[in-house]
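Owing to the predicted nature of the structure, the values given are computational and were not obtained by experimental measurement.
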Amino acid sequence: MTKQAKASIEYLANCKQFHLSNKQISYVFCIAEDGKLLQLYYGKKVPQEKDYTHLIEQHYRQQAPCRTKDDLLYSLDSLKQELPEYGTSDYRHPAIRLRQSNGSATSELVYNSYEIRAGKEPLPGLPATHTEDSLEATTLKVQLKDELTGAVVEVVYTIFSELSVITRNVNVLNHGTEDLFLTHLMSLNLDLPDSDYEWLQLSGAWGRERHVKKRTLQQGIQSIESTRGISSPQQNPFVALARPETTEFSGEVIGATLVYSGNFLVQAEVDTFDVTRLQLGINPFNFEWKLAPEESFVSPEAVLVYSDQGLNGMSQTFHSLFRKRLVRGKWRDQERPVLINNWEATYFDFTEEKLLTIAEKAKQVGVEFFVLDDGWFGRRTHEKAGLGDWYVNHDRLPDGIGALADKIRALGLKFGLWFEPEMVNLDSDLYRNHPDWMLHTPNRKASHGRHQYVLNYANPDVVDNIFQQMCLVIDESKLEYIKWDMNRVLSEVYAVNLPADRQGEAFHRYVLGVYDLYERLATKYPNILFESCSSGGGRFDAGMLYYAPQAWTSDDTDAVERLKIQYGTSFLYPLSSMGSHVSVIPNHQTNRLVPLNTRANVAYFGTFGYELDLSKLSEAEIAEVKGQVAFFKKYQSVFHNGTFYRIQSPFEKNRTETSWMVVSEDQTIAIAGYYKMLNEVNRSFHRMKLLGLKDDWDYVIDGNLHSGAELMHAGLVSSDASSGFLIDQTPLPPTHDYDSRLWIIEKA
């Protein structure tokens, strides 16, 4: 038995039981007599050094195949398991399926050994959570073996000391003499004893990513997935299973996500006895991995979170883990710069003079970074040319990219660039020189998206070429920021560099190629701030956060739409990861006219910046922007490192307002945001109950003193002038559609 100060993994030999626990949670499973791993319990902490194998329930069931002669009780079809296999009497979906050369897909993986060690190991070639001290986590590796084929499977669990977090991944090794084909591998398999849950997912499309969708679990299969080669704006690789009585603030919930940026499957299968099997992993859709003798495969990491403090409690755990033990490098803890991006200000229509004019105005209001978006490279004056040619367009920038960067820095700003390194246009030197580098199926028509095609990142030569091109630009311009975009999904997926029996590996090898390029660039240029983007929020996942500490949350910059997008995103991802900017009106996606203060009041709850031409604003607007930048800089640490609470959801029916707040780590400062969509006449009085404060502390709001207990239990009066008749004598300023307000709450 190995124990750590705050997280332990205990093995009880008398009952062959493993118990992973910290001060918050327990995860318990055992080894059955036939060597299978059986799940016993997952949830709030229960006592260690106790035998829980009595939780295994076996009853005779008609038609259930039984594994031992004359034993009519032991059938895997009705038992809760850790790594269910195909073909061994369990008719639910397996967590692993291995096909032999003779066509058989039945395996018999039985317990072989275990190892417990302090800390957490990295996953080769894959993003994963990490530790900085061995006392932060404890890891269990359980090895299973199939004697017939020589297949060895390692199920790896890590429990963190301070967080209610367990991570899991699965490694498969072929120690046999014949090829094996891995066709199905789930990073997480969690069999739960009942189905009394509501399923919560984050779904959408371009421009409305990560909207909250709920449904009640039913017998059968509920799932979300991506088959697009990226995690996708349609579905995020995350699910929460919440008890029906669970709210944002109380009740039990299990959250799970996959640290991966490609095709995924999240699935809950409820059998006819109401046992729920939750699985997360690489989507089996068009996936097959050849394992020649002595070859291995490492699955992505799944992250499992338990909370008995409601959905906010679950989210806050994910936020803490991702901020400190998923994001890496210089920018993990450093305050992010306020930046301005020229895209919605100029699109492709810019000159160096126009860029410098915007930059000069940006410096005047306190902006710190200038980012040049699309159109600076190759023959890129429109969408049909230039992608793949990462050298400066001298017609646009006669003195080169380095000279522009120097001029921007001379104004007192840092310089960043937009890249779309995974894409290629047919009208490009790269395509003309290397047409086979495009992802395509031989003798088949290739589909385009936005007039562009996808490079075959399953080919290391392609990754090498793009790396070398990018390094030349980075070195010339001394870049300090990169916005990494990816504007279309994968189609006609075939890697011409792979043999026929490895084409099922193309999707995953593509993702590994993306990770490889990110890792090489981040290692060579540790001071660059990377922001990931995929036509907005199409690849906003935990895998990307490992390489880029922030992501462009959505191409939809309308503040009203962003309330839903950022609210849904916060179920899993911290504010410090959400790229959020103030953009021009009428908004370019919705044509909506939203006041400047509301646009900022939404964007503060993220990385904050601007997506407009400041030179076109009035003097009064420029003064307002200057105040916004100063405000964000003053409170940036609160926004990025504080505890975030969702208060009122924009997804509730008939809800015309949204509210949320963030509280500093020491609870001395809080910022609450309130957003009203449509103005009303003679509306009800309103109060907003705050969260996360100290009951016995006094706080100052607008010069008035309130106790923490009052603000959290009686509430903060949030009524505005619409709670009555609009007359000149009202003590409150007039209200309007898309109104908003921030309250600064500071310890007295």
Side-chain angles (χ1 to χ4, degrees), residues 127 230 261 327-332 334 336-343 355 359 367-378 380 386-393 397 400-402 404-406 408-409 413-423 455 457 463-487 513-541 543-553 555 576-581 607-611:
I230 59 174
S261 308
V327 173
R328 306 171 296 162
K330 168 184 175 180
W331 292 102
R332 185 190 74 180
Q334 188 164 318
R336 312 285 169 75
V338 178
L339 64 84
I340 188 165
N341 186 298
N342 75 297
W343 179 243
L355 297 177
V367 168
E368 298 157 295
F369 260 65
F370 178 86
V371 179
L372 174 56
D373 209 286
D374 201 349
W376 58 267
F377 53 91
R380 186 73 167 175
L387 288 174
D389 296 342
W390 299 108
Y391 52 83
V392 70
N393 181 334
L397 303 171
I401 198 71
L404 174 63
D406 289 342
I408 295 292
R409 291 192 186 92
L413 298 171
K414 295 183 178 180
F415 184 67
L417 276 178
W418 176 95
F419 288 87
E420 194 171 4
E422 298 163 63
M423 298 297 146
L455 289 171
Y457 267 48
V463 177
D464 288 344
N465 177 278
I466 299 300
F467 174 71
Q468 291 162 12
Q469 286 198 64
M470 290 181 71
C471 287
L472 291 174
V473 176
I474 294 169
D475 292 339
E476 180 186 352
S477 57
K478 301 179 179 63
L479 277 188
E480 292 140 311
Y481 169 97
I482 287 176
K483 182 176 180 178
W484 182 317
D485 210 343
M486 194 271 194
N487 276 303
V514 173
Y515 290 158
D516 178 48
L517 181 56
Y518 255 118
E519 186 67 33
R520 290 162 70 179
L521 289 169
T523 300
K524 185 172 182 178
Y525 304 104
N527 293 324
I528 288 180
L529 171 59
F530 287 88
E531 178 170 288
S532 66
C533 179
S534 181
S535 198
R539 198 163 59 183
F540 200 133
D541 56 61
M544 283 288 104
L545 287 185
Y546 184 76
Y547 303 99
Q550 60 191 55
W552 188 227
T553 313
D555 277 345
S576 59
S577 69
M578 297 186 206
S580 53
H581 292 175
T607 60
F608 197 67
Y610 290 86
E611 197 88 12

Quiz item: Are Leu397 and Trp376 close enough, and set up right, to give a side-chain contact (heavy atoms from CB on, under 4.5 Å), and what steps lead you there?
Solution: CA-CA 7 Å; Leu397 303 171; Trp376 58 267; 4.2 Å; yes
Quiz item: Does Arg336 use its side chain to pair, donor to acceptor, with the backbone of Ser576 at less than 3.5 Å?
Solution: yes
Self-check item: Atom pair CD1 (Ile408) and CD1 (Ile401), whose distance is rounded to the nearest 0.5 Å
Solution: 9.5 Å
Quiz item: Is there a ring pair (Phe, Tyr, Trp, His ring centres under 6.0 Å) between Trp390 and Phe467 once you walk through the steps?
Solution: CA-CA 10 Å; Trp390 299 108; Phe467 174 71; over 10 Å; no
Practice problem: Kindly indicate whether the side chain of Trp343, heavy atoms from C-beta on, has any atom under 4.5 Å from the side chain of Val371. | Solution: no
Practice problem: Begin from the C-alpha positions of Leu479 and Phe415 and carry the test side-chain contact (heavy atoms from CB on, under 4.5 Å) through to its verdict. | Solution: CA-CA 6 Å; Leu479 277 188; Phe415 184 67; 3.6 Å; yes
Quiz item: Going from CZ on Phe377 to CG on Asp389, what distance comes out if it is rounded to the nearest 0.5 angstrom?
Solution: 8.5 Å
Quiz item: Does the side chain of Asn487 reach to within under 4.5 Å of the side chain of Met423, using non-hydrogen atoms?
Solution: no
Quiz prompt | From NZ (Lys330) to CG (Asn527), nearest 0.5 Å | solution = 4.0 Å
Quiz item: Does Val338 offer a backbone N or O that forms a donor-acceptor pair with the side chain of Glu368 under 3.5 Å?
Solution: yes
Quiz item: Do the side chain of Asn341 and the main chain of Glu611 share a donor and acceptor less than 3.5 angstrom apart?
Solution: no
Quiz item: To the nearest 0.5 Å, what is the distance between CD1 (Ile340) and CG (Leu413)?
Solution: 9.0 Å
Quiz prompt | Closest approach of Cys471 to Leu521 (non-hydrogen atoms, all atoms of both residues) | solution = SG-CD2, 4.3 Å
Exercise. Quickly, which of Tyr546, Tyr515, Tyr518 forms a side-chain hydrogen bond (donor to acceptor under 3.5 Å, both in side chains) with Ser261? Name it, please.
Key: Tyr515
Practice problem: Evaluate the criterion side-chain contact (heavy atoms from CB on, under 4.5 Å) for residue pair Val473 and Val392; output intermediate values, then yes/no. | Solution: CA-CA 8 Å; Val473 176; Val392 70; over 6 Å; no
Self-check item: For the student: nearest non-hydrogen atoms of Asp485 and Cys533, plus distance
Solution: OD1-SG, 3.1 Å
Quiz item: Is the closest side-chain heavy-atom distance between Leu404 and Leu355 below 4.5 Å?
Solution: yes
Quiz item: To the nearest 0.5 Å, how far apart are CD in Gln550 and OG in Ser580?
Solution: 9.0 Å
Quiz item: So does Arg520 pair up with Asp464, basic N to acidic O under 4.0 Å?
Solution: yes
Quiz item: Taking all atoms of both residues into account, what is the closest heavy-atom pair of Thr553 and Gly579, and its distance?
Solution: OG1-O, 2.9 Å
Practice problem: Give me the one residue out of Met544, Arg539, Glu422 that meets side chain to side chain contact (heavy atoms under 4.5 Å, CB included) with Ser534. | Solution: Arg539
Quiz item: Do you know the tightest heavy-atom contact between Pro549 and Leu529?
Solution: CG-CD1, 3.6 Å
Quiz item: With no hydrogens and no angle check, do the side chains of Gln469 and Asn465 hold a donor and an acceptor under 3.5 Å apart?
Solution: yes
Quiz item: Are any side-chain N or O atoms of Ser532 and backbone N or O atoms of Trp484, one a donor and one an acceptor, separated by less than 3.5 Å?
Solution: no
Quiz item: Does Glu476 use its side chain to pair, donor to acceptor, with the backbone of Gly402 at less than 3.5 Å?
Solution: yes
Practice problem: Take Arg409 and Glu480, measure what side-chain contact (heavy atoms from CB on, under 4.5 Å) needs, and give me the verdict at the end. | Solution: CA-CA 11 Å; Arg409 291 192 186 92; Glu480 292 140 311; 3.2 Å; yes
Quiz item: Quick one: which of Phe608, Tyr610, Trp552 gives a ring pair (Phe, Tyr, Trp, His ring centres under 6.0 Å) with His581?
Solution: Trp552
Quiz item: Is the backbone N or O of Gly378 less than 3.5 Å from a side-chain atom of Asn393, with the two atoms forming a donor-acceptor pair by type?
Solution: yes
Quiz item: Does the side chain of Met470 reach to within under 4.5 Å of the side chain of Pro421, using non-hydrogen atoms?
Solution: yes
Exercise. Report the distance from atom CD1 of Ile474 to atom CZ of Phe419, rounding to the nearest 0.5 Å.
Key: 5.5 Å
Quiz item: Should Ile466 and Tyr457 count as side-chain neighbours, where that means a heavy-atom distance under 4.5 Å?
Solution: yes
